[in-house]
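Some notes on the structure that comes next.
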Amino acid sequence: MDPMQAQKLAAELEVEMMADMYNRMTASCHKKCISTKYNEGDLEKGEAVCIDRCVAKYLDIHEQIGKKLTQISQADEEAINKMTNAPAVAPTP
Amino acid sequence: MFLTGVVSVFSSFKLLPIHISVYQRFWASNMSETNGKHAKNYNFETLKYSTVLKCLVGPDKITRDEPYPSFGGIPTPLPSINEQRVEKVMNSCLFKSAIACVAGAGFGIVFGLFTFGVESPSYADPAKVPTVRETAKEMKTRMGSYAKNFAAIGALYSANECAIETYRGVADMKNSGAAGFVTGGIIGLRAGLKAGIFGGIGFAVFSTAIDYYFIHR
């Protein structure tokens, strides 16, 4: 699979990934930061600060976990390639 | 289709290569029986998950200039950059304490005027009626002293509350109590440590009561 195909696939997946990430992020940060005692309609200073920090942390972790996932899946793929190229035992159907 | 295969992989990456090939073979056999004969000739490719991931998270990530469309609820337009700047300034600690300072000064002026009208200071000669200029001068000094005091109290309290709320990240009633304690402590420390502690406790109780009654009930 060459990089162009991967990029095309990634462009299709990216919208879905972003939507999923946005929904999870808003749900998680809403649960953590916004209290259920609604004293005023606007975000209070503490809540705004908390949301800023929550979103920054979430995006940072999202990127770090993505990089770790890439590492792990690359190692998995190399192991699978080694197994298919030089199989020790005949594969069972 | 291919997409659902990839998305199901997203959730169970450890079983990745085996899972994909089994799913593809199962799907191909199912499709050829129920849907048509062209599915048998479909050319499946092995998915290099890491290559796709590198385009999603990593240096080859797709970057967009415009923000994403809203994904849930009522689509509202994002505020413009100038609106964001104005909001940032208005919600900052410095601006809030400046507003509290000005408000305190105004309140102090009115309070000084009122107390001057209720109880005016005594003059050297009790029989002489004070002139307008003397009265105005006395008024000005009293209003000025009250205005300075209240401006300092307001600015200190507002700055402290904003700082504590920023540090904690929670909009609570404890913020007002702590800010009141610090403010009362700073003002009372002029007259010694004990006066500082008692002043802090008193101001904390007062500010918590005001916060409870007016805002967080």
Side-chain angles (χ1 to χ4, degrees), chain A residues 1-23 25-27 32-35 37 39-40 42-54 59 62-81 83-84 93, chain B residues 2-4 6-7 9-10 13-18 20-21 25 45-64 67-73 87-88 90-93 96 161-175 211 214-217:
Chain A
M1 192 190 218
D2 58 331
M4 284 308 295
Q5 270 182 315
Q7 259 190 349
K8 241 175 35 175
L9 186 60
E12 289 171 26
L13 289 174
E14 198 220 353
V15 178
E16 200 174 333
M17 182 190 91
M18 277 296 168
D20 181 60
M21 190 190 79
Y22 178 87
N23 284 323
M25 183 170 71
T26 47
K32 286 187 185 191
C33 287
I34 301 179
S35 76
K37 293 208 180 2
N39 297 308
E40 59 179 33
D42 290 330
L43 280 180
E44 311 201 22
K45 174 92 177 144
E47 291 172 347
V49 154
C50 181
I51 285 175
D52 282 341
R53 291 172 188 162
C54 180
L59 293 174
H62 176 82
E63 202 172 306
Q64 282 186 31
I65 291 181
K67 285 186 187 145
K68 193 75 184 169
L69 203 59
T70 317
Q71 266 180 27
I72 290 175
S73 58
Q74 254 178 347
D76 270 351
E77 280 156 19
E78 278 164 27
I80 290 290
N81 275 342
M83 271 204 319
T84 50
Chain B
F2 202 49
L3 233 53
T4 49
V6 168
V7 170
V9 155
F10 217 70
F13 63 91
K14 256 303 180 191
L15 309 168
L16 162 66
I18 309 152
I20 275 276
S21 52
R25 272 190 225 122
E45 295 173 10
T46 47
L47 172 72
K48 274 230 153 191
Y49 191 49
S50 61
T51 326
V52 177
L53 246 192
K54 274 191 208 149
C55 301
L56 288 173
V57 284
D60 301 330
K61 190 161 49 169
I62 299 165
T63 48
R64 291 166 199 269
Y68 263 89
S70 69
F71 280 118
E87 269 181 37
K88 253 189 227 174
M90 289 202 149
N91 289 331
S92 66
C93 283
K96 277 188 182 173
E161 189 182 18
C162 189
I164 291 170
E165 192 166 348
T166 309
Y167 175 75
R168 285 184 71 218
V170 181
D172 219 353
M173 238 171 25
K174 295 183 197 167
N175 298 326
D211 200 9
F214 282 114
I215 302 174
H216 279 117
R217 198 149 25 152

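All of these numbers come straight from a predicted model, not from anything done at the bench. Residue numbering restarts at 1 for every chain, and letters A, B, ... go by the order of the sequence lines.
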| Do the charged groups of A:Lys67 and A:Glu63 touch, with an N to O distance under 4.0 Å? |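 Result for this pair is yes, salt bridge flagged.
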| With chain A, which of B:Val170, B:Thr166, B:Asp172 has the greatest number of heavy-atom pairs at distances under 4.5 Å? | B:Thr166
| said: Is A:Ser35 in contact with chain B via its backbone, its side chain, both, or neither, using a 4.5 Å heavy-atom distance? | reply: neither
| task | Sort A:Lys37 into side chain, backbone, both or neither according to what part of it lies under 4.5 angstrom from a heavy atom of chain B. | result | neither
| query | Are the side chain of B:Glu165 and the backbone N or O of B:Asn175 linked by a donor-acceptor pair below 3.5 Å? | reply | no
| query | Under the side chain to side chain contact (heavy atoms under 4.5 Å, CB included) criterion, do B:Glu161 and B:Lys96 qualify, and how do the steps go? | reply | CA-CA 10 Å; B:Glu161 189 182 18; B:Lys96 277 188 182 173; over 6 Å; no
| query | Is the gap between the SG atoms of A:Cys33 and A:Cys54 under 2.5 Å? | reply | no
